[in-house]
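Inspection log for the structure reproduced underneath, given as structure tokens.
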Protein chains: 2
Amino acid sequence: MEHFQRVCREAGAKLTPQRLEIFREVAATGDHPDAETIYRRVRKRMPTVSLDTIYRTLWLLVDLGIIQTLGAGGRERARFDANLDPHHHFVCVQCGSTRDFYSKDFDALALPDSLREIGRVEATHVEARGVCLDCAGKAAKAPPGPKSKSKSNTNTRTV
Amino acid sequence: MEHFQRVCREAGAKLTPQRLEIFREVAATGDHPDAETIYRRVRKRMPTVSLDTIYRTLWLLVDLGIIQTLGAGGRERARFDANLDPHHHFVCVQCGSTRDFYSKDFDALALPDSLREIGRVEATHVEARGVCLDCAGKAAKAPPGPKSKSKSNTNTRTV
DNA sequence: GACTTAAGTGATTATAATAAGCATCCTGTG
DNA sequence: CACAGGATGCTTATTATAATCACTTAAGTC
């Protein structure tokens with residue numbers, strides 16, 4: 001929570017009651033709510049917030065690195081995969097491209113006991129995130145621009 | 001491809017040129033295209049297909065288990081996660097709920113060399129899919145219904 | 001503590017992806 | 001080769017998310 005305030009200050013983002021409330025809500029819960037759910041919950045304590053502010057604040061928090069999104073970055077469309085062999089994914093956080101890779105070790109991961117209390121696992125796969133060679137190459141040419149505000153770079157959000 | 005035809009037969013789904021073409025397209029490519037992309041590609045060889053058929057066919061293939069979707073099942077909204085500690089996810093393929101779990105072993109996975117040729121990895125996390133205890137409990141009570149057509153069970157699609 | 005100013009907010013209006021309804025057409029079967 | 005029901009394509013809804021814009025408010029300054 002203090003972390004949150006500090007990061008906001010440093011980023012020049014104002015501390016508004018809405019943001020406080022929204023962050024509190026996301027941080028408080030262990031499930032992984034969507035914007036609509038957060039909206040409903042926050043509205044209980046603050047009936048005037050708009051859904052819009054929820055969206056803006058959430059993505060702001062993502063941009064600040066304070067929270068993350070599940071999966072391949074919420075705003076993406078569905079993507080399909082005909083590869084039914086056991087395999088894993090590398091996702092580029094810059095361009096969003098996804099490549100398969102293989103690893104016998106990863107295929108045979110031993111599941112921790114804690115999972116027993118959650119459910120019965122049918123399959124696991126590993127998702128590696130990083131920067132693909134293409135994007136790394138481009139970044140090397142185009143100077144990074146130290147102050148790059150880098151707002152909302154589509155495809156940049158992923159867990 | 002034969003597998004595809006066999007499964008369709010068994011499921012009582014008709015073999016149409018559109019479906020053949022769409023499956024061929026998805027199976028042929030190593031990237032993980034979205035519906036729109038598949039649409040564009042298929043249209044080159046079959047200019048009359050409708051985007052609609054693409055969607056219907058893709059989800060049909062998913063329902064038949066012939067292909068899968070990336071990430072948390074395309075049709076989901078963005079979901080947010082304030083947990084920045086290294087952690088992993090269990091996703092219930094029935095209800096879509098996602099729970100965090102922890103494993104030192106998973107945090108320290110040794111990446112295969114093949115990844116070097118793809119990009120620089122910044123983080124990895126494991127996604128375990130299965131049926132959560134809640135859903136397993138419900139399924140035990142409600143008899144499974146051997147012929148359950150189980151069409152489009154929202155949240156059922158995930159890799 | 002009042003003043004200033006840019007950032008934030010909420011209401012409304014777009015957009016983009018995906019789904020539904022329906023008339024026509026085609027696959028698989030007898 | 002005729003039939004029946006599923007499949008297609010077209011058009012029209014939905015739904016989630018983003019952009020606009022006028023008004024408010026947080027935060028730094030005197």
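FYI, side chains are in, hydrogens and waters are out, and symmetry mates aren't considered; it's all heavy atoms of this structure. Below, read A as the first sequence line, B as the second, and so on, with proteins coming before strands; counting in each chain starts at 1.
- Closest approach of B/A128 to A/T124, counting heavy atoms only: CB-CG2, 3.8 Å.
- Contacts between residues 38-47 of chain A and DNA chain D, defined by a heavy-atom separation under 4.0 Å, are absent.
- Ion pairing between A/R129 and A/E127 fails under the 4.0 Å rule for side-chain N and carboxylate O.
- When each of A/D34 and B/D52 is assigned the nucleotide of DNA chain D bearing its nearest heavy atom, the one mapping closer to the 5' terminus is B/D52.
- As rounded to whole Å, 13 Å separates atom C1' of D/dA26 from atom CD of A/Q5.
- Every pair passing salt bridge (charged side-chain N to carboxylate O under 4.0 Å, His left out) that includes a residue from residues 40-61 of chain A is listed here, sequence neighbours excluded: A/E25-A/R41, A/D31-A/R41, A/D52-A/R56.
- The shortest distance between the side-chain N/O atoms of A/Q18 and the OP1/OP2 oxygens of C/dG10 is below 4.0 Å.
- In this structure, the CG atom of A/L20 is 16 Å from the P atom of D/dT25, given to the nearest Å.
- Comparing D/dT8, D/dT17, C/dG10 against the side chain of B/T57 picks out D/dT8 as the nearest.
- With sequence neighbours excluded, no residue forms a ring pair (Phe, Tyr, Trp, His ring centres under 6.0 Å) with A/Y55.
- Note on the helix from C/dG1-D/dC30 to C/dG30-D/dC1: angle between the axes of the first and last five pairs equals 50°, rounded to 10 degrees.
- Here the closest non-hydrogen pair linking B/G96 and B/V91 is O-CG1, 4.4 Å.
- Not counting sequence neighbours, A/Y39 has no partner by the ring pair (Phe, Tyr, Trp, His ring centres under 6.0 Å) test.
- Residue pairs meeting the salt bridge (charged side-chain N to carboxylate O under 4.0 Å, His left out) criterion with at least one member in residues 110-119 of chain B: none, sequence neighbours excluded.
- Taking only side-chain nitrogens and oxygens, A/Y55 comes nearer than 4.0 Å to OP1 or OP2 of D/dT17.
- In terms of the side-chain contact (heavy atoms from CB on, under 4.5 Å) criterion, residue partners of B/L84 (sequence neighbours excluded) are, by chain and number, A/Q68.
- For the OP1/OP2 pair of D/dG9 and a distance below 4.0 Å, the side-chain nitrogens and oxygens of B/T53 include at least one atom meeting the criterion.
- For B/A27, the side-chain contact (heavy atoms from CB on, under 4.5 Å) partners are A/A82, B/F23, not counting sequence neighbours.
- Nearest-nucleotide positions on DNA chain C for A/S50 and B/A35 put A/S50 closer to the 5' end.
- Phosphate proximity of C/dT18 to B/W59: absent, as no side-chain N or O sits under 4.0 Å from OP1 or OP2.
- Between A/L61 atom CG and C/dG8 atom P there is a gap of 12 Å when expressed in whole angstrom units.
- Atom CD1 in B/I54 sits about 17 Å away from atom C1' in C/dA16, given to the nearest Å.
- Rounded to an integer number of Å, the gap from CD of B/E36 to P of C/dT15 is 16 Å.
- Dashed line: the shortest gap from a side-chain N or O of A/R56 to OP1 or OP2 of C/dG8 is not under 4.0 Å.
- Pairs passing the side-chain hydrogen bond (donor to acceptor under 3.5 Å, both in side chains) check and including a residue from residues 95-109 of chain A, sequence neighbours excluded, read A/N83-A/D100, A/N83-A/Y102, A/H88-A/D107, A/H89-A/D100, A/D100-B/H32.
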Dump every N/O contact between nucleotides 26-30 of chain C and the protein below 3.5 Å, one line per pair.
residue, atom, partner, partner atom, Å
C/dT27, O3', B/L15, O, 3.4
C/dT27, O2, B/K14, NZ, 3.3
C/dG28, OP1, B/L15, N, 3.1

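- Rounded to whole angstrom, the span from the CG atom of A/L60 across to the C1' atom of D/dA18 amounts to 15 Å.
- Note on B/T48: a side-chain N or O is less than 4.0 Å away from OP1 or OP2 of D/dG9.
- The nearest whole Å value for the distance from the CG atom in A/L58 to the P atom in C/dT9 is 12 Å.
- Going from atom CZ of A/R19 over to atom P of C/dA7 covers 11 Å, rounded to whole Å.
- Taking Ile, Leu, Val, Met, Phe, Trp and Tyr as hydrophobic and joining them when side-chain heavy atoms fall under 4.5 Å apart, one finds A/L109 in a cluster with A/F90, A/F101, A/F106, A/L111, A/L115, A/I118, A/V121, A/V126, B/F90, B/F101, B/F106, B/L109, B/L111, B/L115, B/I118, B/V121, B/V126.
- A/E10 is linked by a salt bridge (charged side-chain N to carboxylate O under 4.0 Å, His left out) to nothing, counting only residues two or more places apart in sequence or in another chain.
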